[in-house]
There are 2 protein chains.
Amino acid sequence: MDRRVPKKGDDDASGKERPTLKTLAFMTGLGVTTVSRALKDAPEIGAETRRRVQLVAKQIGYRPNRAGVRLRTGKTNVISLVLNTEHELMSFVSDIIYGVTEVIADTPYHLIVTPYSRSQDPLDPVRYLVETGSADGVIISRTQPNDPRARYMLERGIPFATHGRTDMGLVHPYHDFDNYAFAGEAVRYLAGRGRSRLALVTPPLGLTYYGHTVNGFADALSEVGASEVPFNTVSIDQSIEQIRTRTAQLMRRKDRPDGFVSSAAAATLAIVAGIEDAGLKLGRDVDVVSKQSSELLHLFRRELLVVNENFRLAGSELARAVLGWIGGADPGSLQSLSTPSEVLPYRG
Amino acid sequence: MDRRVPKKGDDDASGKERPTLKTLAFMTGLGVTTVSRALKDAPEIGAETRRRVQLVAKQIGYRPNRAGVRLRTGKTNVISLVLNTEHELMSFVSDIIYGVTEVIADTPYHLIVTPYSRSQDPLDPVRYLVETGSADGVIISRTQPNDPRARYMLERGIPFATHGRTDMGLVHPYHDFDNYAFAGEAVRYLAGRGRSRLALVTPPLGLTYYGHTVNGFADALSEVGASEVPFNTVSIDQSIEQIRTRTAQLMRRKDRPDGFVSSAAAATLAIVAGIEDAGLKLGRDVDVVSKQSSELLHLFRRELLVVNENFRLAGSELARAVLGWIGGADPGSLQSLSTPSEVLPYRG
DNA sequence: TTGGCAATCTGTAACGTTTCAGTATATTGA
DNA sequence: TCAATATACTGAAACGTTACAGATTGCCAA
C-alpha cells in the first residue's frame with residue numbers, strides 16, 4: 001500500500017509554520033548543514049551562498065529555535081539573576097533588572113529571575129541552576145567575603161558576576177559601589193559641618209560591603225578626629241519599625257550622636273522618623289548623610305545629605321561582565337568599581 | 001574492524017553526567033518509553049513499576065531536560081513578565097516579580113522578564129514572545145481599554161493575564177485593583193474632613209484604570225456635593241519635577257484645591273513638595289489621600305492619608321491566572337479584583 | 001484448543017540544531 | 001597528464017524527550 005505519512009517540511013514553505021533550517025534549505029536548494037553554517041559565517045561557505053542564505057533568512061524572519069540549539073549545544077542563552085525575595089523596600093531591584101535587560105537587549109539572551117527566600121540556603125538556587133544547566137551565566141547579590149556561591153560556581157566553571165566583592169583570594173567578575181569611599185566622604189562632610197559624634201547605620205552584617213563601609217567610616221573618623229557613637233543594634237535590612245524605635249531610643253540619650261551615616265534610603269526614612277520621635281530636628285540637632293538610589297530623599301526632607309548609587313548602572317555592568325566571561329574574556333578584567341558622587345545637600 | 005564508537009549512556013550510570021531517561025531506563029532495566037510514562041503517572045504502567053521508577057528517579061535526582069521537553073512538545077515552562085523599563089519610581093515592579101515567583105516556586109516554571117522601552121510599540125515584545133514561542137504564558141501591565149496586545153494573544157490562543165482590565169467585550173484573565181472604589185473612598189473621606197474642592201492626580205491617560213479612577217472620583221464628588229479642581233496637566237507617570245512644579249503653580253492660585261487624591265506614592269511625594277513650595281501646610285490647608293504600595297508615606301508626612309495597594313498580591317494573582325489558563329481553566333473564571341483598604345490616617 | 005482482549009511494556013521516529021565524516025568539483029603543482 | 005589539495009557542499013547522527021504503533025504476556029470465554 002502506498003499510504004505514506006506526509007512529513008512536516010516535505011512540500012512547500014507556504015504554511016503558517018515557523019521557518020526552520022529545513023525551510024531555508026528547501027527555499028535555497030541547499031542542504032540543512034550548509035544553511036546552518038552559512039548563517040554563522042563559517043569559513044567554508046562560498047561568499048555568495050552565504051549572502052543568499054542570510055538574505056532569505058532575513059526575509060522570512062528566520063529565528064533559530066532555542067530548544068534545538070540548547071539541546072544540541074547545551075547553550076541556553078539565558079542569564080539568571082538570583083534574588084532574595086524577603087526584604088522590605090527593594091526598589092533598587094527593578095533598577096538592576098532594567099540595567100541587565102538594557103545590555104542583553106540586542107543579544108539572544110533572556111533574563112530569568114531566580115528567587116530564594118530567607119529561610120533557604122542561598123546556595124540552593126545556584127545549585128539548582130548549575131545542576132539543571134538552566135543558565136549560561138549567573139548574577140548574584142548580597143555577596144559575602146567568603147561566598148560559597150562564588151566558590152561553587154568557580155569550581156564548576158560556570159560564568160557569573162557578583163554584585164559586591166568577595167575576599168577569598170579568588171578572582172571573578174564583579175561590580176561594586178565603593179562603600180569605603182562613601183562612608184569616608186560622609187564622615188568628612190559631617191565633620192566639615194562641625195559634627196563630631198557620629199553613628200553608622202551599617203549594611204547587613206555578613207555581607208562584604210559591611211566591612212568596606214565600617215572601615216571607611218572608622219578610618220575617616222580617626223582622620224578627622226571625630227568619635228563613633230556605637231549603634232550596632234541596627235542594620236539596614238531590619239524592619240522600618242525596628243530601626244525607628246532604636247533610633248528614637250538612641251536619640252533620647254544624653255550621649256546621642258550629632259550625625260548619622262546611613263547605607264540605604266529606606267533605613268534613612270526610619271532614622272529620620274526616629275530622630276523626630278525623640279523631638280529633635282534634622283539639620284539643627286543632627287545631620288544625616290545617606291545613600292539613595294532614586295531622587296526621593298530630598299523630597300522627604302530637604303535637610304538630608306545624599307550620595308547617589310546607581311543600580312541601573314550596576315545591572316548593566318554585571319550583565320556586561322557575565323557576557324564577557326561567557327564570551328571568553330579574562331575574568332580578572334571584568335571587575336568594576338563605581339565611585340560615589342560627592343555628598344549632595346538639597347540644591348535650592 | 002571492531003572499532004566501535006562508544007555511545008554516551010552505553011555502559012554504567014556511574015559518571016558525573018546528569019541523569020536522563022536513558023540512565024533511568026538502564027538502572028531499572030526498563031525501556032525509555034516506560035520510564036517516561038511511569039514518571040508522569042500514565043495509566044498503562046503497572047503500579048509497582050511506577051513506584052520503582054519514581055523512587056530511583058528521586059534517588060539519583062533526575063530532572064527532565066527542559067530543552068528536550070521543549071523541543072519535543074513545544075512546552076517551554078516559561079512565564080514571561082512584560083515590563084516597560086522607562087518609568088521613574090517603579091518600586092512596585094519588584095513586588096510583582098516576587099509575587100509571581102512565590103506562585104511558580106513549586107512548579108517547573110521559570111520567570112523571564114521581557115522589557116520594552118517607551119520608544120517601542122508595546123506590541124513588539126509580545127509579538128516576539130509569540131512568534132518565537134518563548135513562553136507558555138504572558139503577563140502584561142499598563143493595560144488599555146482597547147489593548148492590542150490582549151487582542152493579539154487572544155487571536156493566537158496564547159494564555160496571558162493582564163494587570164488591569166480591558167474593555168473590548170473580550171474575556172480573559174486579569175487582576176485589577178478597584179480604582180473606582182479607591183477614588184470614591186478617597187473623595188468621601190476628604191468630604192468627611194470638610195474638604196470640598198478636590199483635585200485628582202490621575203493615572204496615565206491611555207490606561208484602563210485612568211477611566212476607573214476618574215469615574216470613581218467624579219461619581220463620589222457629585223454624591224457628596226464636592227467640586228473638582230481640574231488638574232489635567234498632571235498624571236502619575238510624569239517626572240517628579242514636573243508634578244512638583246505644576247502642583248506649586250496650582251496651589252498659588254486663589255481657587256486652589258483643599259484636597260488631593262493621588263494614584264501613586266511617587267507622585268504624592270512630588271505633590272507634597274509642590275504644596276510646601278507654595279508655602280502651604282499639609283493637613284491644615286490641604287489634605288492628600290494617596291495610594292501606596294509600601295509603608296513609606298507615613299514616614300514621609302504623618303498628615304498623609306493612605307490606601308494600600310498590594311502589588312505582591314497582584315503578582316501572585318496574575319501568576320495563578322496564567323497558570324490556570326495554561327492548565328485549561330476557563331479564562332472567565334480567572335479574573336480577580338482587589339478591594340482597597342479603608343483610607344488610613346497615621347496611627348499614632 | 002483457540003480467539004479475543006486487557007494489561008504492560010517497547011522500539012522508532014520526530015522536534016531543530018550542530019558536528020562529524022565525508023563527497024564532488026575545481027584548482028594547483030610537477 | 002596525474003595526483004594532490006583546496007573549495008564548497010552534504011547526509012547521518014546525536015542531544016533528551018514524547019507520541020505512535022506495535023509487541024508480548026496472561027487470562028478468560030467459547
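Chain letters run A, B, ... following the sequence lines, proteins first and then strands; every chain starts at 1.
By the 30° and 60° cut-offs, the orientation of the rings of A/Tyr128 relative to B/His110 is perpendicular.
With rounding to the nearest 0.5 angstrom, the CG atom of B/Asn65 is 5.0 Å from the CZ atom of B/Arg18. Rounding to the nearest 0.5 Å places CG of B/Leu81 at 10.5 Å from CD1 of B/Ile140.
Judged by distance alone, the side chain of A/Thr208 and the main-chain N or O of A/Thr143 form a donor-acceptor pair under 3.5 Å.
Set against C/dC9, D/dC9, C/dC15, the side chain of A/Leu30 has D/dC9 as its closest nucleotide. The listed nucleotides are D/dC9, C/dC15, D/dA13; the one nearest the side chain of B/Arg72 is C/dC15. Minimum atom distance to the side chain of A/Ser36 is reached by C/dT18, of the listed C/dT17, D/dT18, C/dT18. Side-chain proximity of A/Ile45 to the nucleotides D/dT18, C/dT17, D/dC9 is greatest for D/dC9. Out of D/dT18, D/dT17, C/dT18, the shortest distance to the side chain of B/Asn65 is found at D/dT17. Considering only the side chain of A/Thr34, D/dT10 comes nearest among C/dT18, D/dT10, D/dC15.
At a threshold of 4.0 angstrom between heavy atoms, the contacts of A/Thr73 are confined to the sugar-phosphate backbone, with no base atom among them. Across all strands, B/Gly31 comes closer than 4.0 Å only to sugar-phosphate atoms, never to a base (heavy-atom distances).
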For nucleotides 20-22 of chain D, tabulate all protein N/O to nucleotide N/O atom pairs closer than 3.5 Å, reporting atom names and distance.
none

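Sorted pairs that involve residues 35-60 of chain A and meet ring-ring contact (aromatic ring centres under 6.0 Å, His included), not counting sequence neighbours, are lacking altogether. Within the structure, the side chain to side chain donor-acceptor pair (under 3.5 Å) test picks out the following pairs touching residues 48-63 of chain A (sequence neighbours left out): A/Asp41-A/Gln54.
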